[in-house]
Amino acid sequence: MQYWLLKSEPDAWSWDQQVAKGETGEMWSGVRNYTARNHMRAMKLGDRAFFYHSNEGLAVVGVVEVCALSAPDPTADDVRWDCVTVKALAPMPRPVTLKEVKANPKLAEMSLVVSFRLSVQPVLPAEWKEVCRMGGMDPKTLKAA
DNA sequence: GCCAACGTTGGC
DNA sequence: GCCAACGTTGGC
(Lines give C-alpha, C1' and ligand atoms only; values in the text may rest on other atoms or scores of the structure.)
Protein backbone atom coordinates (compact mmCIF):
# COMPACT_ATOMS: atom_id res chain seq x y z
CA MET A 1 0.00 0.00 0.00
CA GLN A 2 1.15 3.47 -0.85
CA TYR A 3 0.47 6.71 0.92
CA TRP A 4 -0.47 10.09 -0.50
CA LEU A 5 -1.65 13.53 0.42
CA LEU A 6 -4.53 15.34 -1.25
CA LYS A 7 -5.05 19.05 -0.92
CA SER A 8 -8.36 20.77 -1.05
CA GLU A 9 -9.50 24.26 -0.31
CA PRO A 10 -12.32 23.79 2.19
CA ASP A 11 -14.30 26.46 0.32
CA ALA A 12 -14.30 24.26 -2.76
CA TRP A 13 -14.40 20.80 -1.18
CA SER A 14 -14.13 20.23 2.54
CA TRP A 15 -13.55 17.22 4.74
CA ASP A 16 -17.16 17.48 5.97
CA GLN A 17 -18.42 17.25 2.40
CA GLN A 18 -16.15 14.27 1.80
CA VAL A 19 -17.49 12.55 4.93
CA ALA A 20 -21.07 13.24 3.79
CA LYS A 21 -20.36 11.25 0.62
CA GLY A 22 -19.75 8.17 2.74
CA GLU A 23 -18.92 4.89 1.03
CA THR A 24 -19.69 6.28 -2.42
CA GLY A 25 -16.76 8.61 -2.20
CA GLU A 26 -16.07 11.46 -4.54
CA MET A 27 -14.01 11.86 -7.68
CA TRP A 28 -10.94 13.97 -7.03
CA SER A 29 -11.69 16.06 -10.11
CA GLY A 30 -10.28 19.37 -11.17
CA VAL A 31 -6.59 18.55 -11.05
CA ARG A 32 -4.81 20.20 -14.01
CA ASN A 33 -1.26 19.43 -13.23
CA TYR A 34 0.69 16.60 -14.82
CA THR A 35 2.70 15.64 -11.78
CA ALA A 36 -0.44 15.51 -9.66
CA ARG A 37 -2.28 13.53 -12.33
CA ASN A 38 0.57 11.08 -12.65
CA HIS A 39 0.48 10.48 -8.93
CA MET A 40 -3.21 9.69 -9.21
CA ARG A 41 -2.54 7.28 -12.07
CA ALA A 42 -0.05 5.50 -9.84
CA MET A 43 -2.60 5.02 -7.07
CA LYS A 44 -4.01 1.59 -6.36
CA LEU A 45 -7.25 0.52 -4.75
CA GLY A 46 -6.87 0.67 -1.00
CA ASP A 47 -4.07 3.23 -1.04
CA ARG A 48 -4.55 5.81 1.66
CA ALA A 49 -4.19 9.56 1.60
CA PHE A 50 -4.18 12.41 4.02
CA PHE A 51 -6.90 14.96 3.39
CA TYR A 52 -5.31 18.38 3.73
CA HIS A 53 -7.14 21.68 3.97
CA SER A 54 -5.23 24.39 2.09
CA ASN A 55 -5.75 28.12 2.22
CA GLU A 56 -7.94 27.92 5.30
CA GLY A 57 -7.21 25.57 8.12
CA LEU A 58 -3.82 24.55 6.77
CA ALA A 59 -3.93 21.15 8.36
CA VAL A 60 -4.23 17.43 7.75
CA VAL A 61 -7.78 16.78 8.87
CA GLY A 62 -8.49 13.19 7.91
CA VAL A 63 -7.65 10.00 6.06
CA VAL A 64 -9.25 8.84 2.82
CA GLU A 65 -8.93 5.65 0.80
CA VAL A 66 -8.72 5.22 -2.96
CA CYS A 67 -11.92 3.39 -3.94
CA ALA A 68 -11.74 3.73 -7.74
CA LEU A 69 -8.74 3.91 -10.03
CA SER A 70 -8.00 6.94 -12.14
CA ALA A 71 -10.71 7.54 -14.74
CA PRO A 72 -11.50 10.44 -17.09
CA ASP A 73 -12.25 13.62 -15.19
CA PRO A 74 -15.84 14.62 -16.01
CA THR A 75 -15.04 18.26 -15.30
CA ALA A 76 -12.33 18.35 -17.99
CA ASP A 77 -13.02 19.12 -21.64
CA ASP A 78 -9.81 17.36 -22.46
CA VAL A 79 -8.84 13.67 -22.44
CA ARG A 80 -5.54 14.46 -20.75
CA TRP A 81 -7.05 14.73 -17.32
CA ASP A 82 -8.28 11.97 -15.13
CA CYS A 83 -8.72 11.35 -11.44
CA VAL A 84 -9.27 8.75 -8.76
CA THR A 85 -12.24 8.45 -6.43
CA VAL A 86 -11.69 8.58 -2.68
CA LYS A 87 -13.85 7.91 0.34
CA ALA A 88 -13.41 9.17 3.88
CA LEU A 89 -12.10 6.64 6.40
CA ALA A 90 -11.50 8.57 9.59
CA PRO A 91 -10.92 12.09 10.87
CA MET A 92 -7.68 13.03 12.57
CA PRO A 93 -8.37 13.00 16.31
CA ARG A 94 -6.36 16.22 16.29
CA PRO A 95 -5.68 18.07 13.01
CA VAL A 96 -1.97 18.31 12.21
CA THR A 97 -1.18 21.83 11.07
CA LEU A 98 1.31 22.86 8.42
CA LYS A 99 3.12 24.78 11.13
CA GLU A 100 3.63 21.59 13.15
CA VAL A 101 4.75 19.67 10.08
CA LYS A 102 7.30 22.36 9.26
CA ALA A 103 8.50 22.43 12.85
CA ASN A 104 9.14 18.67 12.90
CA PRO A 105 12.68 17.81 11.69
CA LYS A 106 11.52 14.28 10.80
CA LEU A 107 9.21 15.81 8.20
CA ALA A 108 11.71 18.24 6.70
CA GLU A 109 11.77 16.29 3.42
CA MET A 110 8.03 15.85 3.17
CA SER A 111 6.46 17.03 -0.09
CA LEU A 112 4.13 19.26 1.87
CA VAL A 113 7.20 21.22 2.94
CA VAL A 114 9.45 20.77 -0.09
CA SER A 115 7.00 20.99 -3.00
CA PHE A 116 4.20 22.74 -1.24
CA ARG A 117 2.38 23.81 -4.39
CA LEU A 118 1.72 20.30 -5.59
CA SER A 119 -1.88 19.28 -4.91
CA VAL A 120 -1.41 15.50 -5.03
CA GLN A 121 1.71 14.29 -3.29
CA PRO A 122 3.31 11.02 -2.28
CA VAL A 123 3.91 10.43 1.43
CA LEU A 124 6.63 8.09 2.69
CA PRO A 125 5.63 5.38 5.20
CA ALA A 126 7.78 6.99 7.89
CA GLU A 127 6.15 10.35 7.24
CA TRP A 128 2.72 8.76 7.33
CA LYS A 129 3.42 7.23 10.74
CA GLU A 130 4.83 10.45 12.10
CA VAL A 131 1.88 12.58 11.00
CA CYS A 132 -0.52 9.99 12.45
CA ARG A 133 1.37 10.10 15.71
CA MET A 134 1.18 13.89 15.80
CA GLY A 135 -2.54 13.73 15.10
CA GLY A 136 -3.13 11.20 17.86
CA MET A 137 -4.16 8.48 15.44
CA ASP A 138 -3.16 4.84 15.43
CA PRO A 139 -2.01 4.24 11.85
CA LYS A 140 -3.28 0.65 11.90
CA THR A 141 -6.75 1.05 13.37
CA LEU A 142 -7.22 4.72 12.43
CA LYS A 143 -8.66 5.17 15.89
CA ALA A 144 -7.56 7.69 18.47
CA ALA A 145 -4.29 6.50 19.99
C1' DG B 1 -4.79 41.05 -0.58
C1' DC B 2 -0.04 40.45 -1.67
C1' DC B 3 3.56 38.08 -3.62
C1' DA B 4 6.78 34.22 -4.46
C1' DA B 5 7.13 29.86 -6.65
C1' DC B 6 6.40 27.33 -10.34
C1' DG B 7 3.81 25.03 -14.11
C1' DT B 8 1.95 25.84 -18.67
C1' DT B 9 1.45 28.12 -23.02
C1' DG B 10 2.80 29.80 -27.26
C1' DG B 11 5.82 32.52 -30.33
C1' DC B 12 9.97 32.15 -32.60
C1' DG C 1 13.12 22.98 -28.51
C1' DC C 2 13.96 27.19 -26.01
C1' DC C 3 12.38 30.67 -23.17
C1' DA C 4 9.57 34.67 -21.99
C1' DA C 5 5.06 35.77 -20.61
C1' DC C 6 1.38 34.58 -18.17
C1' DG C 7 -1.75 32.26 -14.91
C1' DT C 8 -2.49 29.79 -10.75
C1' DT C 9 -1.56 28.14 -6.24
C1' DG C 10 -1.22 28.80 -1.62
C1' DG C 11 1.20 30.63 2.53
C1' DC C 12 1.53 34.72 5.01
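Quick note on labels: first sequence line is chain A, next is B, and so on, each numbered from 1.
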**Q** Can you measure A:Arg117 atom CZ to C:dC12 atom C1' for me and round it to whole angstrom units?
**A** 15 Å

**Q** Atom CG of A:Leu112 and atom C1' of C:dG11: how far apart are they, to the nearest Å?
**A** 11 Å

**Q** Please determine, for the side chain of A:Asn33, which listed nucleotide (B:dG7, B:dT9, C:dG10) has the closest atom?
**A** B:dG7

**Q** Grouping I, L, V, M, F, W and Y whenever their side-chain heavy atoms are under 4.5 Å apart, do A:Val60 and A:Leu98 come out in a common cluster?
**A** yes

**Q** Would you mind telling me which residue lines up with the more 5' stretch of DNA chain B, A:Val114 or A:Arg80, judged by nearest nucleotide?
**A** A:Val114

**Q** Return the value, rounded to whole Å, for the distance between atom CG of A:Leu6 and atom C1' of C:dG10.
**A** 16 Å

**Q** Provide, to the nearest angstrom, the distance between the CZ atom belonging to A:Arg32 and the P atom belonging to C:dG10.
**A** 14 Å

**Q** What's the CG-P distance between A:Asp11 and C:dT8, to the nearest Å?
**A** 17 Å

**Q** Could you tell me the separation between the CG atom of A:Asn55 and the C1' atom of B:dG1, rounded to a whole number of Å?
**A** 12 Å

**Q** So do the side chains of A:Tyr52 and A:Leu58 get within less than 4.5 Å of each other, counting heavy atoms only?
**A** yes

**Q** Taking NZ, NE, NH1 and NH2 as the nitrogens, is one of them in A:Asp138 or A:Lys140 under 4.0 Å from a carboxylate oxygen of the other?
**A** no

**Q** Starting from P on B:dT8, measure out to CZ on A:Arg37 and report it in whole angstrom.
**A** 10 Å

**Q** Between A:Ser119 and A:Arg37, does any side-chain donor sit less than 3.5 Å from a side-chain acceptor?
**A** no

**Q** Figure out the CG/C1' separation between A:Leu118 and B:dC6, and round it to whole Å.
**A** 11 Å

**Q** For A:Lys102, report the nucleic acid contact type (base, sugar-phosphate, nothing); a contact means any heavy atom under 4.0 Å.
**A** sugar-phosphate

**Q** For C:dG11, take OP1 and OP2 only and decide whether either is under 4.0 Å from a side-chain N or O of A:Tyr52.
**A** yes

